[in-house]
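Structure record follows, encoded as structure tokens.
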Amino acid sequence: MKTWGRTLTAAGIHGPRLRDDYTRQRSLVAAYRRHAYAAVRLLLPAEVVPHVIAATAFMHHTDTLLDRGSAGAGVPAGGGRAGEDAAAWEKEVAGALASGESGHPVLRPLLHTVSVHPGMKGHIEEFLAGASLDRDFTGFADESEYQRYVDAYALPAFMLVAGLVLAPDAGSRPGCDAGPGPGPGPGAGAAGSRTLCRAYIDGSQRLDFVNDLAEDLRDGRLALPAEALERHGVSRADLEQGRDTAGTRALLAASLDRARRDLLASRRLPGFAPPAHRAFIRAFISLEVLTADAALAKGTAVFGGPARPAVPAALGVLLREYRRRGR
């Protein structure tokens, strides 16, 4: 694995300020999702690593602003500015994409990544088009509303990174349609690729909503469908107070079981990626499955904070894929 400086050079990032911008975003991503960052550094070619980090940091920064709504308090993660709000940020991003220039430390590296990977621009625009759904979020009445959220916001967010690591035709819009790829298995072609991408992000987003329950409830958000709570005889107060009941246990288990099934259903997705990127995608999926397993094992203790994969298990995934990539 190259040093970070050599990684930037391999990716064609030479200017001191731009290198500093990418380095700042690397620190954010490393702190935000330690295992995912390790997978990026170990398993992707150096020339794509900074671009994946810039896309991830932009997505996280945007999501943070959307979660805060228009409160505009404090400075968001990623080197943002005090007083930033979601609506102003969306306009700033749109302006930066149109002009190709920005003084914002999150957007400068993103714009450089767009110049190297022009297809990113479409994914960013699609992501922003669905941002209002997250910004104005008040909860899901039922499963169909959750699925609309996945299509309009979660899937475009996933494509910010997936568009960089899948084969070029596999990253085409809408969603994750693709032409035939090597080894994807049954259902190859556009419909097969879209199904795999959709399965992954459906499982990953559902897992996040369960894992982030404590934080979301503190912020006044509840992302589990009201219909699911009613079906299990659970009230919002049960979740806010962290009650360990048969209903809350069943609600969490049902959500996590479904998330895990969807994640496992996406395991053919590496077949739509260039060979050098497949180890990363396999590891990415495996780490999410491990997180789902950890959340299932934690049960109602997720009311106190999110579950994380056991360190030995996560390291085992990374080591296995690193060796496989080397072969």
Side-chain angles (χ1 to χ4, degrees), residues 28-29 31-37 59-60 63-69 71 73-74 76-77 133-147 149-150 153-154 157-158 200-264 284-314:
L28 166 71
V29 173
Y32 170 54
R33 296 200 78 169
R34 189 170 61 247
H35 298 132
Y37 170 75
M59 177 176 59
H60 179 58
D63 199 53
T64 298
L65 288 172
L66 292 171
D67 286 349
R68 296 190 319 163
L133 201 62
D134 193 65
R135 185 183 64 233
D136 303 329
F137 178 80
T138 57
F140 303 121
D142 54 27
E143 179 66 20
S144 65
E145 287 192 2
Y146 166 74
Q147 293 298 332
Y149 175 91
V150 170
Y153 181 71
F158 172 60
Y200 173 83
I201 196 57
D202 192 341
S204 181
Q205 184 64 77
R206 197 183 302 271
L207 170 61
D208 281 351
F209 280 155
V210 172
N211 223 9
D212 294 341
L213 263 174
E215 180 182 351
D216 285 348
L217 287 168
R218 282 195 300 270
D219 294 338
R221 291 165 56 101
L222 175 58
L224 301 184
E227 177 188 62
L229 269 69
E230 183 178 353
R231 185 165 60 250
H232 293 284
V234 174
S235 68
R236 181 175 183 136
D238 291 332
L239 301 180
E240 289 174 337
Q241 296 176 28
R243 292 173 181 153
D244 183 0
T245 68
T248 56
R249 290 193 296 272
L251 171 67
L252 297 180
S255 298
L256 291 168
D257 282 339
R258 182 163 181 175
R260 192 178 191 279
R261 287 197 304 271
D262 285 333
L263 290 169
L264 291 174
F284 204 72
I285 294 170
S286 295
L287 289 171
E288 283 291 270
V289 173
L290 285 178
T291 304
D293 290 341
L296 278 164
K298 194 168 186 178
T300 55
V302 297
F303 294 139
R308 296 284 182 260
V311 171

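All values reported here derive from a predicted model rather than from experimental measurement. Numbering of residues begins at 1 and proceeds along the displayed sequence. Hydrogens, waters and symmetry mates play no part in the numbers below; they use all other heavy atoms, side chains included.
- Remark: D216 engages no residue in a salt bridge (charged side-chain N to carboxylate O under 4.0 Å, His left out) (not counting sequence neighbours).
- Annotation for L222 and L217: closest pair CD1-CD2, 4.1 Å, computed over non-hydrogen atoms.
- Q147 meets the side-chain hydrogen bond (donor to acceptor under 3.5 Å, both in side chains) test with E143, R198, D202; sequence neighbours excluded.
- Listed by chain and number, the residues in a salt bridge (charged side-chain N to carboxylate O under 4.0 Å, His left out) with R308 amount to none (sequence neighbours excluded).
- Listed by first and then second residue, the side chain to side chain donor-acceptor pair (under 3.5 Å) pairs involving residues 224-235 are S235-D238 (not counting sequence neighbours).
- The shortest side-chain heavy-atom distance between L224 and V234 does not fall under the 4.5 Å cut-off.
- The ring pair (Phe, Tyr, Trp, His ring centres under 6.0 Å) search around Y37 returns none, not counting sequence neighbours.
- Atoms CG and OG1, on L213 and T300 in that order, are 11.0 Å from each other to the nearest 0.5 Å.
- Note that CG of L252 is 9.5 Å distant from CG of D244, once rounded to the nearest 0.5 Å.
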Candidate pair Y146 and R206, rule side-chain contact (heavy atoms from CB on, under 4.5 Å), full reasoning: CA-CA 9 Å; Y146 166 74; R206 197 183 302 271; 3.2 Å; yes

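- Using a 4.5 Å heavy-atom threshold, the side chains of H35 and P309 count as touching.
- Not counting sequence neighbours, the partners of F137 by the side-chain contact (heavy atoms from CB on, under 4.5 Å) test are F140, R221, A223.
- Within a 6.0 Å sphere centred on CZ of R236, other residues, nucleotides and ligands contribute more than 12 heavy atoms.
- In this structure, the separation between CD on Q205 and CG on D212 is 8.5 Å, given to the nearest 0.5 Å.
- Scanning for side-chain hydrogen bond (donor to acceptor under 3.5 Å, both in side chains) contacts around R33 gives E288, with sequence neighbours left out.
- In this view, D142 satisfies the salt bridge (charged side-chain N to carboxylate O under 4.0 Å, His left out) rule with no residue, not counting sequence neighbours.
- Using a distance-only test at 3.5 Å, with no hydrogens or angles considered, no donor-acceptor pair links the side chain of S204 to the main chain of Y200.
- Scored by the side-chain hydrogen bond (donor to acceptor under 3.5 Å, both in side chains) test, T248 finds T245 as partners (sequence neighbours excluded).
- One finds the CG atom of D293 at 10.0 Å from the CG atom of L207 (value rounded to the nearest 0.5 Å).
- Partners of D63 under the side-chain contact (heavy atoms from CB on, under 4.5 Å) rule, at least two apart in sequence or in another chain, are D67, D134, Y153.
- For A307, the side-chain contact (heavy atoms from CB on, under 4.5 Å) partners two or more places apart in sequence, or in a different chain, are N211, A294, A295, K298.
- Annotation: side-chain contact (heavy atoms from CB on, under 4.5 Å) contacts of R261 (sequence neighbours excluded): D257, R258.
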